[in-house]
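I have placed the structure first, in the form of structure tokens, so that the comments after it can refer back to it.
Just the heavy atoms: all of them, side chains too, but no hydrogens, waters or symmetry mates, feed the values below.
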Amino acid sequence: DSIFYSTPTIVPLNFFLINVYQNLGVNYGSHPWHWYLSSAVPALLGPLVVPLFQGAKDAPVALLLPLVANVGALSLLPHKEIRFLQLCLPFATLIISRQLVHFSTSTQSILKSFFLVTNICGAVFLSLVHQRGVVDAAIWAGQQGGNEGSKDVLFLMPCHSTPLYSHIHNNVTTRF
């Protein structure tokens, strides 16, 4: 990051300054304090949330403390995003694996097959169908430019939710 910005950059400090000190995250929405536990963790882990909570009671403090401290601290902020939980995933994965290892070999095989099939189906759906409209809109907007001059396109969505630079290669003015 420091090389890219051409200045010394400390990512946790920048996160603190932007999301806590300046509180700029609320411009993108806010959620209740329990959102990580009630929505984000189940969405992130899917059915693996069950062995996470089962294994939490027997997990070593070295695995549980960073996970609980991170989710607890992030829950205090009004603006919440699933991506903020990325630092928790290694700890959660280790707790889950410590729980799953106690399952019988046949149960583990069934679970592996289930997770493989559901992940493939989810990947196909999310790649080809879900929120496909933003890609199609960017392709359409790119086709509106051309030799007849600049075109204006108004997107009724945040600018970071569209793949503009990878799809629009004409003289098109975009507004959000």
Side-chain angles (χ1 to χ4, degrees), residues 1 5 9-104 107-135 137-138 155-164 176:
D1 290 338
Y5 291 116
T9 303
I10 302 170
V11 175
L13 177 62
N14 288 352
F15 180 88
F16 175 80
L17 292 174
I18 290 171
N19 290 298
V20 178
Y21 184 71
Q22 296 175 354
N23 201 22
L24 294 178
V26 295
N27 295 333
Y28 297 99
S30 61
H31 295 288
W33 66 268
H34 58 81
W35 185 80
Y36 282 117
L37 291 177
S38 62
S39 297
V41 171
L44 189 62
L45 298 177
L48 290 174
V49 76
V50 174
L52 173 68
F53 288 124
Q54 288 174 340
K57 64 181 179 296
D58 299 325
V61 175
L63 291 179
L64 199 56
L65 184 62
L67 181 65
V68 171
N70 196 8
V71 172
L74 290 172
S75 294
L76 298 175
L77 298 175
H79 177 66
K80 296 168 180 63
E81 295 183 30
I82 288 181
R83 67 187 177 109
F84 293 168
L85 293 178
Q86 287 179 340
L87 295 174
C88 297
L89 284 178
F91 300 103
T93 304
L94 287 171
I95 293 171
I96 292 166
S97 65
R98 289 172 50 90
Q99 185 67 20
L100 293 180
V101 76
H102 298 296
F103 290 2
S104 67
T107 304
Q108 287 181 10
S109 296
I110 291 169
L111 286 174
K112 287 177 188 176
S113 300
F114 171 74
F115 290 134
L116 180 65
V117 169
T118 56
N119 276 298
I120 289 173
C121 291
V124 168
F125 174 74
L126 292 173
S127 299
L128 301 177
V129 179
H130 182 67
Q131 293 189 348
R132 174 70 196 171
V134 295
V135 174
F155 284 97
L156 299 177
M157 62 183 83
C159 62
H160 57 272
S161 65
T162 58
L164 294 181
F176 297 92

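Taking both residues in full, the closest heavy atoms of F91 and L67 are given as CB-CB, 4.3 Å, listed atom of the first, atom of the second, then distance. Contact record, S75 with V71: OG-O, 2.7 Å, taken as the closest heavy-atom pair. Heavy atoms only, all atoms of each residue included: G25 and N19 are closest at CA-OD1, 4.0 Å. Considering all non-hydrogen atoms of both residues, L85 and A40 come closest at CD1-CB, 3.8 Å. For the pair P42 and S38, the tightest heavy-atom approach, listed with the atom from each and the gap, is CG-O, 3.9 Å.
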Contacts under 3.5 angstrom, residues 108-117 side chains, donor-acceptor by atom type, not counting sequence neighbours:
from : atom 1 : to   : atom 2 : distance (Å)
Q108 : NE2    : L100 : O      : 3.2
Q108 : NE2    : V101 : O      : 3.4
Q108 : NE2    : F103 : O      : 3.1
S109 : OG     : T105 : O      : 3.1
S113 : OG     : S109 : O      : 3.1

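Residue I10 qualifies as open at atom CD1: its count of foreign heavy atoms under 6.0 Å is 12 or below.
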Side chain to side chain contact (heavy atoms under 4.5 Å, CB included) assessment of L89 paired with L44:
CA-CA 9 Å; L89 284 178; L44 189 62; 3.5 Å; yes

Might you work through the side chain to side chain contact (heavy atoms under 4.5 Å, CB included) test for T162 and V135, ending with a clear yes or no?
CA-CA 7 Å; T162 58; V135 174; over 6 Å; no

Run the numbers on V41 and L52 for side chain to side chain contact (heavy atoms under 4.5 Å, CB included), then give the verdict.
CA-CA 10 Å; V41 171; L52 173 68; 4.1 Å; yes

Evaluate the criterion side chain to side chain contact (heavy atoms under 4.5 Å, CB included) for residue pair V20 and L77; output intermediate values, then yes/no.
CA-CA 7 Å; V20 178; L77 298 175; 3.4 Å; yes

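In terms of the salt bridge (charged side-chain N to carboxylate O under 4.0 Å, His left out) criterion, R98 has no residue partners (sequence neighbours excluded). With sequence neighbours excluded, the residues satisfying ring pair (Phe, Tyr, Trp, His ring centres under 6.0 Å) with F176 are F155. Partners of Y28 under the ring pair (Phe, Tyr, Trp, His ring centres under 6.0 Å) rule, at least two apart in sequence or in another chain, are H160. For F16, there are no ring pair (Phe, Tyr, Trp, His ring centres under 6.0 Å) partners at least two apart in sequence or on another chain. The ring pair (Phe, Tyr, Trp, His ring centres under 6.0 Å) check on F125 picks up H130, with sequence neighbours excluded. Under the side chain to side chain donor-acceptor pair (under 3.5 Å) criterion, S97 pairs with no residue at all, not counting sequence neighbours. Legend: residues meeting side chain to side chain donor-acceptor pair (under 3.5 Å) with S127, ordered by chain and number and at least two apart, are absent.
Judged by distance alone, with hydrogens and angles left aside, the side-chain atoms of H79 form no donor-acceptor pair with the main-chain N or O of V26 at under 3.5 Å.
For residues 32-74, the set of pairs meeting the ring pair (Phe, Tyr, Trp, His ring centres under 6.0 Å) definition, not counting sequence neighbours, comprises H31-W35. Sequence neighbours left out, the pairs with a member in residues 61-82 that pass salt bridge (Lys or Arg N to Asp or Glu O under 4.0 Å) are E81-R83. For residues 20-45, no residue pair satisfies the salt bridge (Lys or Arg N to Asp or Glu O under 4.0 Å) rule, not counting sequence neighbours. Pairs engaging residues 123-132 under the salt bridge (Lys or Arg N to Asp or Glu O under 4.0 Å) rule: R132-D136 [sequence neighbours left out].
The distance from the CG atom of N70 to the CD atom of Q86 is 11.0 Å, given to the nearest 0.5 Å.
Between I96 and V49, the closest side-chain pair of non-hydrogen atoms is not below 4.5 Å. Contact annotation: the side chain of N27 approaches that of L24 to within less than 4.5 Å [non-hydrogen atoms, C-beta and beyond].
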